[in-house]
Amino acid sequence: SLLDGARAAGNPDVHVRMSPLERGKRLGPLDLPCHEEIESSSLKFLTTQPVGWDFAQAVSRFNANVSYSGLLHATTQEHLFAENKEKLISAGISSLISKEGDQESIPLLELEQQFHALRRLVASKAGFSCFTTLPGFREKVGWKVAKALKRNDDGISHAAIDMLCALMEPMHQDYDLRQEQLNKSSLLSSEKFLDGLLDMWTGLVVRQAGALVVAGVLDFLTFSLCSPYSETTDGKQFDTLLEKVAGRGRTLFRLFQHPSMTIVKGAGLIMKAIIEEGEEEIGARMQQLALAEGALPQHLLTALYTQSADGRFLTNRQLSRHLVGLWTTSTAPTMELMKRILPAGLLTFLESEDTVPNDDIDRLNTRDNLKLAMEADKKDSNAVLLAAGKGLATAKVAALATAELVTEKTYVYTDQAKKIAEKHMELALTHWRQRMGSNWQPSINWVRSDTSPSTGPAWLSKNNERPIVLRKRREHVKSTANWLLFYYHFNKDHSKSNLIWNYKTREELREGLESEIAAFKQARELSGKAMISWNHTEFRVDYNSLGEEIRIGD
């Protein structure tokens, strides 16, 4: 929770290490980022170590001088004699995977430093794309993570999974959704790896250990399964992973009792994805487990009584309200429980069509992938026109010279000569056409069609790069009840013929839920490894303050 809170407060550099930072290796104060020259030198030393240094020392010095959120100067500047930062980052990654040493015998602290260095490099745009473009990087990372997890050390496992999360979700600005899709497709392609990761995660949850590793795996699953990040996940891989996680449903529900708010939020997001996008029988099973595992009263308490100015608490409240709505949709046992907990007059608001002023914001869906894809397409189109403007003058001269050379050497201007000229023009234009990319075609309208005569070279009609295709979300279970109106009136006082609701009744409900949750936790702790379920059919809330009120019927 401390780690998540610091990052939510705007500090992306906070992280957990197995050993204290060696301040003597940092060439500057900790409260200020290092200069660009220091970053570049630290990056170069990964490839070529100075005299007297070994590779482990170069890695530790790199970590000491580069922010955990990534290189601050990771793009090549547009001036004469500027360093090619992309090549430096690629060379640094190549050095890390080629000089990593024996992963089964290397000291744990050195292995952690290597993962932290990789995490810093892949947090940049160039390093993020290296996962699929740099030969051997993907395979090396796979073996490295697999061997690290087999060491059964929580510190190493956390460092490895945090690095994987940086490959799943871009940690830099101006990121490319297409590259995110490619990285996810590669990381989720091995079912054996996913099974091993989930088995390790399940064991830690059952033993109530390794909270950092559990939170890291939850982040990995969130970037794969939860909206809005899941829209860039391949559909088949999404369904496979969703089914694997749903098969460990009881493990997920145990996390709702975890003392860390971050872990509770991560488990809730994944539960939301399973119910909404899983098959009908999977959603029904999760609704049953919500009762059996005692998750409903826990989230109902959060949904009803969270009052805070802290965005993290409000995010959890929004998530709990969403889960309560999903768990009660088309589920008779759950609605019967709600009738034993809440007055009938309060539940009538669920069926009302009235609206309420909604002054809250959406704290769960924080990224609009469709907007990002459209902006990327627009940016590509603008870049095309800029590249065309820069290269058109030179290309035009080269093309005309080539055409004149062809016509001079041809006595008769035949169709064959025209084809040769067209071919040479295409070769002359190759340089700036490659710089422009393949999405410039719609802006110039120089396309060959089957029905019209030829107006340009053949390559203009080919669009080699496919557009960004987002996975369409499913909502198999969707609440239709008016929960907004219910929560709005819950916090107001009512004195009507069918409802008496005030501060005393709200406190009685709070005490009833809290005592039931505490009793269930105690029973679970005393049961040891035995599996127990919440007996929800016997739970009800009695409102003693209403005992002397006049009542007719129920």
Side-chain angles (χ1 to χ4, degrees), residues 1-8 11-19 63 68-70 103 108-109 111-123 128 131 141-171 180 183-184 186-188 190 193-226 229-230 233 241 244-245 248 251-252 254-256 258-271 273 312 315:
S1 294
L2 180 63
L3 187 66
D4 184 67
R7 289 176 176 174
N11 184 2
D13 294 326
V14 64
H15 61 287
V16 178
R17 293 168 52 102
M18 296 169 61
S19 61
N63 290 334
Y68 192 71
S69 57
Q103 296 294 286
L108 293 179
L109 292 180
L111 182 57
E112 184 201 35
Q113 291 280 7
Q114 290 182 8
F115 277 118
H116 283 178
L118 280 174
R119 204 273 186 191
R120 285 167 164 84
L121 289 173
V122 300
F128 188 75
F131 187 63
V141 165
W143 283 110
K144 188 180 187 70
V145 172
K147 291 179 179 179
L149 295 180
K150 288 181 180 179
R151 288 197 163 196
N152 294 323
D153 185 277
D154 289 347
I156 296 299
S157 299
H158 168 66
I161 294 171
D162 204 32
M163 187 271 297
L164 287 182
C165 290
L167 286 170
M168 290 283 290
E169 174 65 15
M171 302 296 171
E180 181 182 335
N183 284 15
K184 281 188 178 181
S186 298
L187 287 169
L188 301 177
S190 174
F193 169 74
L194 295 177
D195 288 333
L197 185 66
L198 292 175
D199 289 342
M200 178 200 68
W201 173 68
T202 303
L204 291 173
V205 174
V206 172
R207 297 197 307 271
Q208 299 182 0
L212 281 174
V213 182
V214 171
V217 176
L218 286 176
D219 285 342
F220 182 86
L221 296 177
T222 299
F223 294 145
S224 305
L225 302 176
C226 300
Y229 313 107
S230 63
T233 305
L241 183 57
K244 291 179 182 297
V245 177
R248 295 165 171 82
T251 301
L252 199 60
R254 291 179 72 96
L255 294 178
F256 289 135
H258 202 280
S260 171
M261 185 187 304
T262 301
I263 290 179
V264 173
K265 182 185 74 173
L269 288 172
I270 296 170
M271 178 58 60
R312 293 178 299 137
T315 301

Could you measure the distance from the CG atom of Leu118 to the CZ atom of Phe131? Nearest 0.5 Å is fine. 11.0 Å
Rounded to the nearest 0.5 Å, what's the gap from CG on Leu252 to OG1 on Thr202? Could you check? 9.5 Å
I need the minimum non-hydrogen distance between Lys144 and Phe115, along with the two atoms involved. CG-CZ, 3.7 Å
Residues at least two apart in sequence or cross-chain that pass side chain to side chain donor-acceptor pair (under 3.5 Å) with Asp13, listed by chain then number, are Ser69
Any non-hydrogen side-chain atom of Leu111 less than 4.5 Å from a side-chain atom of Gln114? yes
How long is the gap from CD on Glu169 to CD on Glu180, to the nearest 0.5 Å? 4.5 Å
With a 4.5 Å cut-off on side-chain heavy atoms, are Ser157 and Met200 touching? yes
Mind checking whether Met18 and Ile156 have side chains closer than 4.5 Å, heavy atoms only? yes
Would you find a donor on one side and an acceptor on the other, under 3.5 Å apart, between the side chain of Glu112 and the backbone of Gly155? no
Non-hydrogen atoms of Asp154 and Val213 that approach each other most closely: O-CG2, 3.4 Å
Just by modelled atom types, is the Gln103 backbone N or O under 3.5 Å from a matching donor or acceptor in the Arg151 side chain? yes
Hey, could you give me the CG/CZ distance between Leu187 and Phe223, rounded to the nearest 0.5 Å? 12.0 Å
Separation between CG (Leu269) and CG (Leu218), nearest 0.5 Å, reads 9.5 Å
Considering residues at least two apart in sequence or located in another chain, which fulfil the side chain to side chain donor-acceptor pair (under 3.5 Å) criterion with Asn152? none
Sequence-distant partners of Ala215, side-chain contact (heavy atoms from CB on, under 4.5 Å), two or more places apart: Ile263
Give me the one residue out of Arg119, Gln113, His116 that meets side chain to side chain donor-acceptor pair (under 3.5 Å) with Asn63. Gln113
If you look at every heavy atom in Pro170 and Phe128, which pair is closest and at what distance? CG-CZ, 3.7 Å
Kindly compute the distance separating OG (Ser19) from CG (Leu109), expressed to the nearest 0.5 Å. 5.0 Å
